[in-house]
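Below is one structure, written out as structure tokens; comments come after it.
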Amino acid sequence: MKKAELLFVPAPLVGHIVSMVELAKLLLDRDDRLSITVLVIKHPADPIANTVVQSVVSSDARIRHLNLPEMEPPPEEMAVKSPENCMGTYIKSYRSHAKHAIVNTVLSSDSGEAPALAGIVFDFFCSSMVDVANDLGVPAYLFYASGAGFLGAHLYYTIREILVGREYTLLDPDSVVSTFATPVPARVMPTVVFNDDGYRSFVEHGRKFRETKGMIVNTFAEMEPFAVKALESDPDLPPVYTVGPLLAPQKEHAGKEEIINWLSEQPPSSVVFLCFGSQGGFEAPQIHQIATALERSGRRFLWSIRRPCSLTSSERASDFTSFDTILPPGFAERTRNRGKVCGWAPQVEVLAHRATAAFVSHCGWNSTLESMWHGVPMVTWPIYAEQQTNAFQLVKELGLAVELRVDYRRTQDSENVVMAEEIEKAIQSVMEAENPVRKELKRWERRAGRR
Ligand code: UDP
């Protein structure tokens with residue numbers, strides 16, 4: 001029986017690698033003629049991400065992984081101007097290492113016949129791997145860790161570049177993007193496209209996507225019917241494969257038992273869960289506003305509080321050593337019977353728990369899929385990456401989330417604080433049984449075969 005090898009090149013980012021490795025497991029379950037090797041590129045600045053990456057790639061004995069040698073990170077100024085451009089440039093510097101590893105390790109076999117290389121599957125930040133695939137004469141496939149809607153926006157940049165030829169400004173008119181039913185305002189485009197370096201790197205990635213033999217997207221047709229149809233019906237694009245939702249519950253997590261036990265003591269559908277992704281942390285003034293909103297709401301809550309990471313990095317936000325210093329005086333005592341704060345949360349398990357009623361989220365794509373899949377309505381509070389676009393799609397197109405903000409973004413501006421009144425209003429709204437979002441979610445669950 002002839003064996004075929006697939007090579008996976010993930011970006012060293014938690015929200016990207018988990019779903020990509022889930023895809024690898026799914027493929028291996030489907031066909032035992034297949035073998036998969038993951039080329040591991042180290043994050044240049046984030047040791048926590050590197051620990052997670054190592055544990056994710058070692059989580060299934062069937063998946064082989066090869067650690068590529070460490071490269072010099074790009075200069076600091078590049079990360080300051082655009083962390084996304086910096087990540088793409090850093091990964092580009094791995095092209096020759098990747099080719100060397102493929103030729104000399106993956107395709108060389110000491111014992112019998114080496115498998116045929118069937119293709120290279122790369123994360124969007126690793127689009128420079130298309131060059132390696134071309135050099136080796138093998139097909140390249142994009143793995144897109146975000147949704148079909150935003151993939152359409154991403155691809156659209158290459159067209160916009162021809163028409164406009166410069167980065168976005170917030171004053172630009174709404175864009176007609178084929179994967180969105182309504183025009184997309186500039187204010188919900190990701191921060192990366194508002195500076196020249198970031199914009200150019202985005203255009204470059206989008207161009208590379210068009211050179212592939214297929215685009216594998218972590219979504220499903222019932223989730224984004226309009227977007228998936230638009231991509232599938234565009235004759236100028238490579239074929240689209242929807243493989244989502246790729247969900248990965250966390251097997252090992254220090255505080256998991258305590259959190260799940262606490263949830264189990266709460267009534268069904270009573271808890272508001274607040275969590276803002278791997279990089280979403282807030283400064284003290286914002287934390288105080290959230291605390292005030294939760295206190296005034298009278299609702300039960302589970303709140304994952306994290307220390308923000310630098311604006312110019314893609315590092316994970318870190319945990320606080322103590323919440324006492326960051327929360328308003330007496331908050332813990334006053335909410336003791338109905339609230340719990342934690343650091344990193346076992347999010348998938350929390351969303352799957354019957355006590356969880358709503359999710360105040362940064363709208364990262366994994367979080368969005370996890371919430372929808374478990375039938376938990378969201379409140380949108382995007383912070384970084386493509387989350388504004390996701391929030392816009394969830395609120396305006398899909399009607400599956402309550403809008404707190406669709407255009408909030410992380411900035412240096414200390415005035416950029418969402419006030420307690422607004423937060424409380426959104427929480428009360430999403431908790432109402434009659435909220436149209438809850439009804440739409442029920443209809444959607446039936447369409448998606450969830451109920
Ligand atoms: N996550 C988690 N606990 C946390 C924060 C995040 O388990 O406290 C998980 C979450 O379930 C999701 C991933 O980390 O699978 C975050 O991915 P997403 O695309 O939502 O956001 P990103 O971190 O990439 O911005």
Side-chain angles (χ1 to χ4, degrees), residues 10-20 43 45-46 49 52 79-88 90-91 123-127 142-157 167-168 170 177 179-180 184-195 197-199 201-206 209 217-219 224 244 275-282 306 308-317 347 361-371 378 380-395 401 405-412 416:
L13 299 169
V14 179
H16 290 224
I17 194 161
V18 172
S19 53
M20 198 167 186
H43 194 290
D46 185 358
V52 178
V80 172
K81 274 176 98 178
S82 165
E84 294 86 355
N85 177 42
C86 186
M87 180 58 85
Y90 170 68
I91 289 172
D123 177 86
F124 97 70
F125 274 112
C126 309
S127 69
L142 165 70
F143 172 69
Y144 204 69
S146 194
F150 189 66
L151 172 57
H154 207 155
L155 290 160
Y156 163 78
Y157 292 112
E167 75 273 25
Y168 271 89
L170 284 169
V177 176
T179 46
F180 288 87
V184 185
R187 67 190 171 90
V188 303
M189 290 295 181
T191 302
V192 57
V193 302
F194 292 99
N195 77 69
D197 285 0
Y199 177 72
S201 74
F202 244 65
V203 172
E204 197 179 325
H205 289 309
F209 300 170
V217 190
N218 186 13
T219 193
E224 301 181 274
C275 189
F276 302 92
S278 57
Q279 295 164 50
F282 291 116
R306 323 278 307 290
C309 52
S310 123
L311 264 178
T312 57
S313 84
S314 47
E315 283 170 43
R316 255 176 71 142
Q347 184 169 296
S361 169
H362 75 315
C363 307
W365 190 250
N366 292 299
S367 298
T368 301
L369 288 177
E370 290 161 8
S371 200
M378 293 166 77
T380 58
W381 189 337
I383 303 176
Y384 54 93
E386 89 295 11
Q387 293 146 18
Q388 294 81 15
T389 326
N390 296 343
F392 171 77
Q393 185 184 21
L394 280 165
V395 172
R405 291 290 174 90
V406 293
D407 59 355
Y408 180 91
R409 63 186 75 232
R410 200 161 53 165
T411 66
Q412 246 128 18
N416 189 21

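No experiment lies behind these values; they were computed from the predicted model shown.
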Kindly indicate whether the side chain of Phe392, heavy atoms from C-beta on, has any atom under 4.5 Å from the side chain of Pro382.
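Answer no - side chains too far apart.
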
Using 0.5 Å steps for rounding, measure from the [atom1] atom of [X] to the [atom2] atom of [Y].
{"X": "Asn416", "Y": "Arg409", "atom1": "CG", "atom2": "CZ", "result": "10.0 Å"}
{"X": "Leu142", "Y": "His154", "atom1": "CG", "atom2": "NE2", "result": "9.0 Å"}
{"X": "Phe202", "Y": "Ser82", "atom1": "CZ", "atom2": "OG", "result": "9.0 Å"}
{"X": "Tyr144", "Y": "His16", "atom1": "OH", "atom2": "NE2", "result": "8.5 Å"}
{"X": "Thr191", "Y": "Glu84", "atom1": "OG1", "atom2": "CD", "result": "7.5 Å"}
{"X": "Asn218", "Y": "Leu151", "atom1": "CG", "atom2": "CG", "result": "12.0 Å"}

Smallest separation among heavy atoms of [X] and [Y], with atom names:
{"X": "Leu155", "Y": "Gly206", "value": "CD2-O, 3.9 Å"}
{"X": "Ala186", "Y": "Phe194", "value": "O-CZ, 3.2 Å"}
{"X": "His43", "Y": "Pro12", "value": "CD2-O, 3.3 Å"}

Flag, side chain of [X] to backbone of [Y], donor-acceptor distance under 3.5 Å:
{"X": "Asn85", "Y": "Ser201", "answer": "no"}
{"X": "Glu224", "Y": "Ala148", "answer": "yes"}
{"X": "Trp365", "Y": "Phe150", "answer": "no"}
{"X": "Asn195", "Y": "Lys81", "answer": "yes"}
{"X": "Ser361", "Y": "Thr380", "answer": "no"}
{"X": "Gln387", "Y": "Trp381", "answer": "no"}

Of Thr368, Thr389, Val406, which is the lone residue that meets side-chain contact (heavy atoms from CB on, under 4.5 Å) with Leu394?
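When Thr368, Thr389, Val406 are each tested with Leu394, the side-chain contact (heavy atoms from CB on, under 4.5 Å) holds only for Thr368.
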
Indicate whether any N or O donor in one side chain lies under 3.5 Å from an N or O acceptor in the other, for Gln347 and Ser367.
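Indeed, the side chains of Gln347 and Ser367 share at least one donor-acceptor pair under 3.5 Å.
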
With a 6.0 Å cut-off on ring centres, are His362 and Tyr384 close enough?
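Yes: the rings meet the under 6.0 Å criterion.
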
